[in-house]
Number of protein chains: 2
Amino acid sequence: MHGSGRVKIVDVAAAAGVSATTVSHVISGRRPVSAATRARVEDAVRRLGYQADPSARGLRTQRTDTVGLVVPDITNPFNTELAAGIQAVAYARGLLTVVCEAPMTGGPQLPAVLGQLTARRLDGIVLGRFGARRADLDLIAGSGARLVRLGTRIADGPGDVVRGAETEGMRDLVRCLVGERGYRRIGFIGGEAGVEPGGERYEGYRQALAEAGRAVPEELVAWTGFTREGGRAGAALLLDAAEPPDAVVCANDLIAIGALDVARARGIDVPGRLAVTGYDDIDAASMVSPALTTVVNPAREIGRSAARLLVDRLDGDTGPAREVVLTHQVVRRASA
Amino acid sequence: MHGSGRVKIVDVAAAAGVSATTVSHVISGRRPVSAATRARVEDAVRRLGYQADPSARGLRTQRTDTVGLVVPDITNPFNTELAAGIQAVAYARGLLTVVCEAPMTGGPQLPAVLGQLTARRLDGIVLGRFGARRADLDLIAGSGARLVRLGTRIADGPGDVVRGAETEGMRDLVRCLVGERGYRRIGFIGGEAGVEPGGERYEGYRQALAEAGRAVPEELVAWTGFTREGGRAGAALLLDAAEPPDAVVCANDLIAIGALDVARARGIDVPGRLAVTGYDDIDAASMVSPALTTVVNPAREIGRSAARLLVDRLDGDTGPAREVVLTHQVVRRASA
DNA sequence: TCACGTATCCAAATCGTTTTGCATGACAGG
DNA sequence: CCTGTCATGCAAAACGATTTGGATACGTGA
């Protein structure tokens, strides 16, 4: 047991009988070092358990080897999977990942959290699915951090983009309901108004109805929040309508689970009297009963892609902004 | 829009007509500064949007204002809630939180992850529920980081401890099964052998049986893993026993959900022919059907407590090691 | 007037790396 | 033997903040 965190590069240099410069070169490989010296240095590093001080290194190199992920709700399993995907790729590159929550309501808001993060001089930031303002994006870009946005369009601002084929996914799902299943009155429960991917998914819902020559039943559309609680509120609203729906399309799985809560509480049979569908296919989607018909959104893969974009940029890629679109897939289960 | 991240303390000093020293003193408050100068400096900071470089500051102060949480499974909702609790307290103190996953099997193992974290010179580390070796704990303590361990005993090593009353919680739960419900053959599915809180919970199960004058039915005890998949494997094992159980007590909710999967697949009525119970009361516990009878483990509060301990230590508390024990509560739902 | 505190502010040293420009020695070609 | 090229390693200057020991000016009391 040595002094642990206390050994510095000059100690290693002394132990190996060389200068600190040489130790640095051995470690970074930026200049050639003879095999014999290299071996002595590497041995000394191992023996003393040397680990470079990240503050000192960061001060000199102007990099922190740290990337951040900002999401509106850290307990949403979609975001958790996302984080896991990012972390896997980042860790392999020696990057540390910090996940921050910037709740849509209550708690520190997005600009405040971004301020904290830019103050930290992160090398890169993945911005989760928000209704982010242009000023927020410019703040990140201006801080020098590479930016990857999730679930929006490339034209909306600086940085690269990763997104699922949200509109197409929802369209395919609603097509099933309209076509083979023959549901007549199909309602929609979105998340917070104006927050992606609510808009994209609503658009898919609208398109599928339009294809069948139907209009959106405005009185059966509710915008609440991307949570189980939001789903409860939205479902209550829709079911109290003068002419209630026989199917409810939800903007994500949590909302759908909330809708199921309401159906059960009111003794409404699902899918007999009411169909319910979700989006994302989080783990819980297959746990609830009836199991949710939903659309697979490959959260982990989205995270991996985002991290890869970030890593490429950090490795010097200065090409034009890129947009990665991941495929979707409808999963039919018992709820519709 | 200024150069953003680029403005440094001497720029602020110049703008305010003082020295960098004075700016530092205004910001830290470590030495008195006249009201007039303070106002000029604060104004300059605001106008230029100055944010101190964390690397430079860290190099000088030897602190990173960063704390870490290490968990075996980042997608387990218990751990997510934990992270949220820690982050809330840490954020309020200006500390950044990094959450790292060190899978029990596959992926980077605990010592490797801890190596990465100690290399980062974190100010504090919360170690999730692992079967951590003494050497791992000493590594953390030796790195200078404050340590808070979760779900173990204070005597097991350095650092403070936060834990739920695991043994008591499980004992109360199993008492219900034995007593009012009158289940005869009660099995147990644990997580990975030797990993807390599996042992504590098993102990509660054993005690409740002992109180009733019963021995543990060894052939109905399985140790798998704290996941849904682990639950499936364990349940299959128990149900294939010569004399199968009429109740299965699971070491956490994910395991219980896996057990429910098996019961459904085999057409076994729950709770009619088989009772299933969990532990932790994660969100999903009330989503599945039948809803899980389980024990509330206040994950978020555990996180908050852990972070508070850490913050106290960082603020100079050098008292003896502390142990915080949080209460439990049995929740009766449909599955038993 | 002198000695001495007090209130303000500043200059310079320091934290532990990385990086750049040189110095040295060896070696090859003429 | 002389001269240019490599290969190798070192010294010193950053990086941007914090902290310590003074310096300066102004009262205050004797």
Side-chain angles (χ1 to χ4, degrees), chain A residues 2-42 44-45 48-66 94 118-121 123 143-144, chain B residues 2-42 44-45 48-66 94 118-121 123 143-144:
Chain A
H2 301 275
S4 296
R6 321 260 55 220
V7 35
K8 24 196 179 181
I9 199 170
V10 292
D11 300 328
V12 175
V18 297
S19 76
T21 305
T22 302
V23 176
S24 177
H25 286 150
V26 166
I27 292 175
S28 69
R30 294 183 68 83
R31 278 211 190 163
V33 173
S34 74
T37 335
R38 172 194 315 284
R40 283 211 318 285
V41 168
E42 286 172 343
V45 165
L48 302 183
Y50 171 70
Q51 302 183 122
D53 183 303
S55 293
R57 184 201 299 263
L59 175 58
R60 181 62 230 233
T61 63
Q62 303 291 15
R63 285 184 292 92
T64 55
D65 294 329
T66 305
T118 57
R120 295 290 185 142
R121 307 279 199 275
D123 294 341
S143 81
Chain B
H2 302 274
S4 295
R6 322 259 55 217
V7 33
K8 24 196 181 180
I9 199 169
V10 291
D11 301 328
V12 175
V18 298
S19 76
T21 304
T22 303
V23 175
S24 177
H25 287 151
V26 166
I27 292 175
S28 68
R30 295 182 69 83
R31 279 211 187 164
V33 173
S34 73
T37 332
R38 172 193 315 283
R40 284 210 318 283
V41 169
E42 285 171 344
V45 166
L48 302 183
Y50 171 71
Q51 302 183 122
D53 183 303
S55 293
R57 182 199 299 255
L59 175 57
R60 183 61 230 238
T61 63
Q62 304 291 13
R63 284 185 290 94
T64 55
D65 294 330
T66 305
T118 57
R120 294 292 185 141
R121 307 281 200 275
D123 294 341
S143 80

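Here is how names work: the chains are called A, B, and so on, in the same order as the sequence lines, proteins then strands, and each is numbered from 1.
- For the side-chain hydrogen bond (donor to acceptor under 3.5 Å, both in side chains) test, no residue two or more places apart in sequence or in another chain qualifies with B:S24.
- Applying the side chain to side chain contact (heavy atoms under 4.5 Å, CB included) test to A:A15 and every residue at least two apart in sequence or in another chain returns A:A44, A:R47, A:L48.
- Within the 4.5 Å cutoff, the side chain of B:R121 has no heavy atoms near those of the B:T66 side chain.
- Pairs engaging residues 29-38 of chain B under the salt bridge (Lys or Arg N to Asp or Glu O under 4.0 Å) rule: none recorded [sequence neighbours left out].
- Remark: B:D11 engages no residue in a side-chain hydrogen bond (donor to acceptor under 3.5 Å, both in side chains) (not counting sequence neighbours).
- A:T37 pairs by the side-chain hydrogen bond (donor to acceptor under 3.5 Å, both in side chains) definition with A:S34, not counting sequence neighbours.
- Note that the first and last nucleotides of DNA chain D, 5' to 3', having any atom under 4.0 angstrom from a heavy atom of chain B are D:dG16 to D:dG22.
- Residues A:V7 and A:G49 come closest through the heavy atom pair CG1-O, 4.2 Å.
- Counting to the nearest Å, the C1' atom of C:dT19 and the CZ atom of A:R30 are 8 Å from each other.
- Here the P atom of nucleotide C:dT17 and the CD atom of A:Q51 are 11 Å apart, to the nearest Å.
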### Query
Could you go step by step and tell me if A:R120 and A:T64 meet the side chain to side chain contact (heavy atoms under 4.5 Å, CB included) rule?
CA-CA 8 Å; A:R120 295 290 185 142; A:T64 55; over 6 Å; no

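- Checked against salt bridge (Lys or Arg N to Asp or Glu O under 4.0 Å), A:D123 has no partners two or more places apart in sequence or in another chain.
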### Task
Sugar-phosphate atoms are those with a prime plus P, OP1 and OP2; base atoms are the rest. Using that split, label each nucleotide of nucleotides 4-11 of chain C B, S or - for protein heavy atoms under 4.0 Å, 5' to 3'.
----SBBB

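- Between the C1' atom of C:dT19 and the CZ atom of A:R63 lies a distance of 13 Å, rounded to the nearest Å.
- Listed by first and then second residue, the salt bridge (Lys or Arg N to Asp or Glu O under 4.0 Å) pairs that reach into residues 54-65 of chain B are B:R63-B:D65, sequence neighbours excluded.
- For the helix from C:dT1-D:dA30 to C:dG30-D:dC1, the angle separating the two terminal helix axes comes to 60°, with each axis derived from five pairs and the value rounded to 10°.
- Residues that satisfy the side-chain hydrogen bond (donor to acceptor under 3.5 Å, both in side chains) test with B:S55, not counting sequence neighbours, are absent from this structure.
- OP1 or OP2 of C:dT14 has not a single side-chain nitrogen or oxygen of B:R60 nearer than 4.0 Å.
- B:Q62 has a side-chain polar atom (N or O) that falls below the 4.0 Å cut-off from OP1 or OP2 of C:dG16.
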